[in-house]
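This is the structure I want to talk about, given as structure tokens.
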Amino acid sequence: MSDRYDPHTIEPRWRERWEADRLYHAPDDDPRPKWYALTMFPYPSGDLHTGHWYAMAPSDAAARYRRMRGYNVMFPMGFDSFGLPAENAAIKRGVDPRAWTYGNIEQMRSQLRMMGAGFDWDREIVTSDPSYYKWSQWWFLKLWEQGLAYRDEALANWCPGCNTVLANEQVLDGRCERCDSVVERQFLTQWFFRITEYAEELLNFDGIDWPERIKTMQTNWIGRSEGATISFEVEGVDEDLPVFTTRPDTIFGATFMVLAPEHRLVQRVTTPEHREEVEAYCTQASHQTEIERMSTEREKTGVFTGGYAINPFNGERIPIWIADYVLVTYGTGAIMAVPAHDERDFEFAQQFGLPIIPVFDSDEVDTSKPLEAAFIEGRVMINSGEFDGTPFEQAKARLTKAVEERGLGERTVSYRLRDWIISRQRFWGAPIPMIHCDTCGAVPVPESQLPVLLPENVTFQSSGKSPLTEAEEWVSVQCPQCESPARRETDTLDTFMCSSWYQMRFVDSQNDEAPFDPELGRKWLPVDQYTGGAEHAVMHLLYTRFFWKAARDMGKVEGPEPMLRLFNQGVILGPDGNRMSKSRGNVVAPDDQVREHGADAFRCQLMFIGPWDQGGPYNPTGMAGIVRWLNRIWSLIVDPVETASMPGEPSTRDLRRLTHKTIREVTQDIESFRFNTLIARLMEFTTAMQKARDAGPVDDAAWTEARDSLLLLVAPLAPHISEELWARRGNSYSIHQQPWPEFDEELARDDEVEIVVQVNGKVRDRMMLAVDAEEGQAKEAALALEKVGASVGQKTPRKVIYVPGKLVNIVV
RNA sequence: GCCGAAGUGGCGGAAUGGCAGACGCGGCGGUCUCAAAAACCGUUGGGAUAACACCCGUGCGGGUUCGACUCCCGCCUUCGGCACCA
């Protein structure tokens with residue numbers, strides 16, 4: 001055995017031993033309380049990067065800590081392996097998406113092993129394996145049975161050149177990334193999950209410990225608003241036009257109506273003389289991306305349709321316009337515009353010279369003159385016939401009631417949240433297990449026929465069109481109900497669907513009879529600690545909550561939420577403070593860092609650079625400090641130490657005090673994921689131990705306590721070096737199965753503390769004082785100080801403030 | 001435009017009402033060495049000084065307080081997210 005710290009010798013050796021012993025396998029039949037720790041599983045892009053390490057290494061440390069706290073910890077890992085990049089590789093380079101994906105998985109699996117993380121590989125899942133996606137399809141069928149899956153029209157990015165649907169990321173400046181055609185938004189029949197059914201429940205975060213930031217983002221994303229749906233008659237059209245408004249109280253001020261360009265009544269309200277203009281506008285709008293339409297910078301645009309609606313309250317004719325600031329996906333896709341009390345409507349009215357009629361007066365605004373801006377809140381209703389004089393506070397309720405009484409509409413709660421489109425016109429995904437039959441309609445694939453396997457040997461076209469649509473043999477089937485010729489659904493499932501239930505599969509990943517054994521579900525679920533990036537704040541994290549609630553209502557899982565605690569790490573950046581990217585040339589490869597300094601050092605450096613939730617630049621030059629520290633720990637444990645039995649010595653008391661203080665503080669830090677300050681404290685402890693050792697003989701028992709505590713506290717962060725040194729001290733294998741050290745509050749307590757003495761808030765001196773010193777004592781001692789006397793001079797102290805353990809402030 | 005987070009030494013950061021800059025990088029000086037590296041020790045916010053005393057300092061401007069990086073009001077900048085949501 002070498003006496004020098006050489007990570008490259010010890011790290012692989014211990015990893016092999018741990019794997020051989022299945023040290024991190026979480027047994028299902030273990031009497032200890034369970035702890036389910038989960039970190040978001042990666043997409044197998046081909047190479048494990050620093051971002052993966054930054055997400056996983058601290059998660060691993062937290063999971064290891066729980067294990068030392070006596071939990072049966074399950075910390076699984078897998079791959080979210082369906083998705084667009086594999087398909088792109090197939091299209092661009094003719095590679096088989098399967099071969100590409102599984103090659104990447106193999107590469108990343110071996111890279112992940114170098115991390116020395118305590119993953120339970122026995123539970124690994126790969127979402128593109130038929131053994132996994134069989135159950136994704138099964139869940140689809142269950143949701144269909146519950147009426148939570150349905151088909152409807154939805155807008156999609158359509159490339160007329162490629163004759164296919166594009167993802168948002170494939171649209172660059174409104175053009176197709178492949179063929180440069182101008183992208184249009186077109187209606188397409190797609191599969192949906194009825195997530196809006198759970199909108200109200202998803203707003204409730206009781207019982208989960210999640211960052212406020214994420215809860216706020218989800219709440220805003222769901223976007224609940226209360227108002228009314230009101231129907232307007234349209235001249236010459238035999239169908240009413242319903243609008244959703246949060247301000248039914250402003251209906252007398254509605255001076256125009258606006259339809260979204262995609263609204264289904266557009267054709268019917270448009271008069272012949274306006275048709276050409278309207279059609280041109282709609283075409284133009286279909287080329288706009290959602291982002292462009294949502295920009296507030298640009299001027300309002302729109303066209304008049306020539307049609308009129310009738311205000312049901314006063315019978316006035318209201319012109320109907322079309323404008324892209326109204327979105328077809330929200331409310332009813334149409335609004336009654338009240339320019340006096342809505343900023344956007346005001347801007348539009350000004351742009352096109354439409355009338356602006358205030359229906360409230362105001363203490364701040366003179367309503368007898370033309371308005372300069374819209375105002376939201378008023379005093380009492382005006383210009384509103386019989387409702388004039390209604391106070392602002394009562395207006396909304398009164399008008400809503402009137403709408404209902406007159407049969408014009410009803411009180412409505414509207415959500416910004418839209419139903420989840422799970423259809424993808426792609427090959428590399430789980431086929432949606434449905435069959436289209438001319439007589440029976442959409443028929444589910446019988447459970448016994450799952451999985452619906454992806455066909456082999458398909459040809460990819462340069463257009464990006466899914467090969468499934470051309471796989472005639474695969475598509476042609478018999479209808480399961482009437483046995484007549486029918487066709488398979490060629491859409492595949494959104495990959496967010498695969499990751500919405502993966503935490504359930506980990507509890508029983510090999511099960512061939514069910515997604516998981518309910519008994520095991522009860523044992524392991526829900527996830528106790530989830531960690532991952534905040535970029536998933538509203539999509540993945542909302543979908544998985546929805547999925548869980550739907551599964552709960554089917555009796556498949558218990559409890560209201562899938563993830564009890566959530567922590568979001570920040571984004572790790574390159575040394576230049578920018579996102580790491582090959583084009584910027586600022587990529588730090590984890591493999592290089594491990595080759596140079598070892599996995600333990602890289603893990604610790606990632607945890608040391610700053611608060612985990614803030615992310616930040618990773619600068620490899622800073623690694624020197626961590627490497628030095630690990631070397632210092634090494635020699636502290638390996639080098640001979642002069643010991644004696646001297647329990648009563650002050651130095652012994654000091655060493656023990658520091659040991660117990662360190663345990664206390666490190667425990668607090670790791671509980672709250674403050675790895676950076678945790679390592680700082682351990683560095684201080686290491687230095688103090690070196691000083692104690694160099695100062696002469698140390699007490700045998702106190703030294704053993706300090707040394708073992710140091711190793712145990714380091715173990716979750718740097719699993720290899722701590723295991724090696726633990727073994728070298730002759731302790732029993734494995735350090736990762738030892739209990740976390742306990743601290744004794746009594747031993748950790750200081751006898752004396754330094755008190756700062758201020759005069760008028762400025763520090764003039766400091767003094768040592770017993771921790772429990774009385775106020776009188778402290779003041780007396782402070783005033784007796786020479787420097788304080790000099791500062792106070794002839795003046796008389798007006799007031800003296802004493803904060804025990806902190807300071808004395810003399811105000812003169 | 002809206003929402004959220006953040007602005008502290010040369011750099012990463014610490015301190016959430018009580019000593020601003022813990023810990024680390026880098027720099028400077030030293031020990032060891034023929035020399036260098038490594039390691040170790042010392043030092044390191046700015047100004048001023050022979051040295052002290054002292055003064056200034058947490059994006060900017062106000063305020064609350066005995067006391068503000070921390071709380072309040074108003075700005076500026078950067079980053080992240082997004083939804084003109086009627």
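Chain letters run A, B, ... following the sequence lines, proteins first and then strands; every chain starts at 1.
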Spacing of Ile376(A) atom CD1 relative to A86(B) atom C1', expressed in whole Å: 11 Å
Option from Asn809(A), Val808(A), Leu807(A) for which side chain to side chain contact (heavy atoms under 4.5 Å, CB included) with Tyr802(A) holds: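 Going through the options one by one, the only one that passes is Val808(A).
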Aromatic ring proximity, centroids under 6.0 angstrom, Trp420(A) and Phe192(A): no
Nearest-angstrom distance, P atom, G21(B) to G10(B): 15 Å
Pairs meeting criterion salt bridge (Lys or Arg N to Asp or Glu O under 4.0 Å) with involvement of residues 608-633 of chain A, two or more places apart: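 Non-adjacent pairs meeting salt bridge (Lys or Arg N to Asp or Glu O under 4.0 Å): zero.
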Which residues share a salt bridge (Lys or Arg N to Asp or Glu O under 4.0 Å) with Arg579(A), sequence neighbours left out: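 Arg579(A) satisfies salt bridge (Lys or Arg N to Asp or Glu O under 4.0 Å) with no residue once adjacent residues are dropped.
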Nearest-neighbour nucleotide for the Arg628(A) side chain, C19(B), C25(B), C66(B) considered: C25(B)
Side chain to side chain contact (heavy atoms under 4.5 Å, CB included) against Arg344(A), all qualifying residues, sequence neighbours excluded: Lys300(A), Tyr325(A), Asp342(A)
Gap between atoms CD1 and C1', on Ile810(A) and G18(B) respectively (whole Å): 14 Å
Span that lies between the C1' atom of A48(B) and that of G59(B), in whole angstrom: 26 Å
Nearest listed nucleotide, side chain of Val756(A), among C19(B), C82(B), C85(B):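 Nearest to the side-chain atoms of Val756(A), counting from C-beta on, is C19(B).
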Side-chain N or O of Ser225(A) closer than 4.0 Å to phosphate OP1/OP2 of A86(B):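 For A86(B), OP1 or OP2 has a side-chain N or O of Ser225(A) closer than 4.0 Å.
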G63(B) to G17(B) separation - C1' atoms, rounded to the nearest Å: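 To the nearest whole Å, 16 Å.
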A86(B) phosphate, OP1 or OP2, under 4.0 Å from Tyr330(A) side-chain N/O: yes
Qualifying residue for ring pair (Phe, Tyr, Trp, His ring centres under 6.0 Å) with His341(A), from Phe252(A), Phe375(A), Phe392(A):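 So the option named by the test is Phe375(A).
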With sequence neighbours excluded, residues passing side-chain hydrogen bond (donor to acceptor under 3.5 Å, both in side chains) with Asn631(A):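 With neighbours one apart ignored, the set is empty.
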Sugar-phosphate, base or nothing in reach of Glu343(A), heavy atoms under 4.0 Å: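 No contact.
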Partner set under salt bridge (Lys or Arg N to Asp or Glu O under 4.0 Å) for Glu665(A), not counting sequence neighbours: Arg681(A)
G18(B) and U70(B), which share atom name P, separated by this distance in whole Å: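 Straight-line distance between the two P atoms is 11 Å.
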Among G18(B), G26(B), C23(B), the nucleotide that comes nearest once only the side chain of Lys806(A) is considered: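 That would be G18(B).
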Out of G67(B), G26(B), C54(B), whichever nucleotide has its closest atom nearest the side chain of Arg764(A):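 Nucleotide nearest to Arg764(A)'s side chain: C54(B).
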Contact letters for nucleotides 2-16 of chain B, in which S counts primed atoms plus P, OP1 and OP2 and B counts the base, heavy atoms under 4.0 Å: -SS-------BSS--
Base C84(B) to side chain Lys300(A), donor-acceptor N/O within 3.5 Å cut-off: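 Per atom types, the contact qualifies.
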Per Leu327(A) side chain, nearest of listed nucleotides C23(B), A86(B), G18(B):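 Closest of the options to the side chain of Leu327(A): A86(B).
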Residue Thr621(A), side-chain atoms from C-beta onward, closest of C66(B), C84(B), C25(B): C25(B)
Separation of G24(B) P from Leu606(A) CG (nearest whole Å): 18 Å
Of the listed nucleotides C23(B), C40(B), C84(B), the one nearest the side chain of Tyr325(A): C84(B)
Whole-Å C1' distance, U16(B) and A22(B):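 It comes out at 15 Å once rounded to the nearest Å.
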Out of G24(B), A86(B), A83(B), whichever nucleotide has its closest atom nearest the side chain of Arg632(A):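 Shortest atom-to-atom distance from the side chain points to G24(B).
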Nearest-Å distance once atom P is located in both C56(B) and G61(B):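 Pairwise P distance, C56(B) against G61(B), rounds to 15 Å.
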Rounded distance (Å) that lies between atom P of G18(B) and atom CG of Leu769(A):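 Taking CG of Leu769(A) and P of G18(B), I get 19 Å after rounding.
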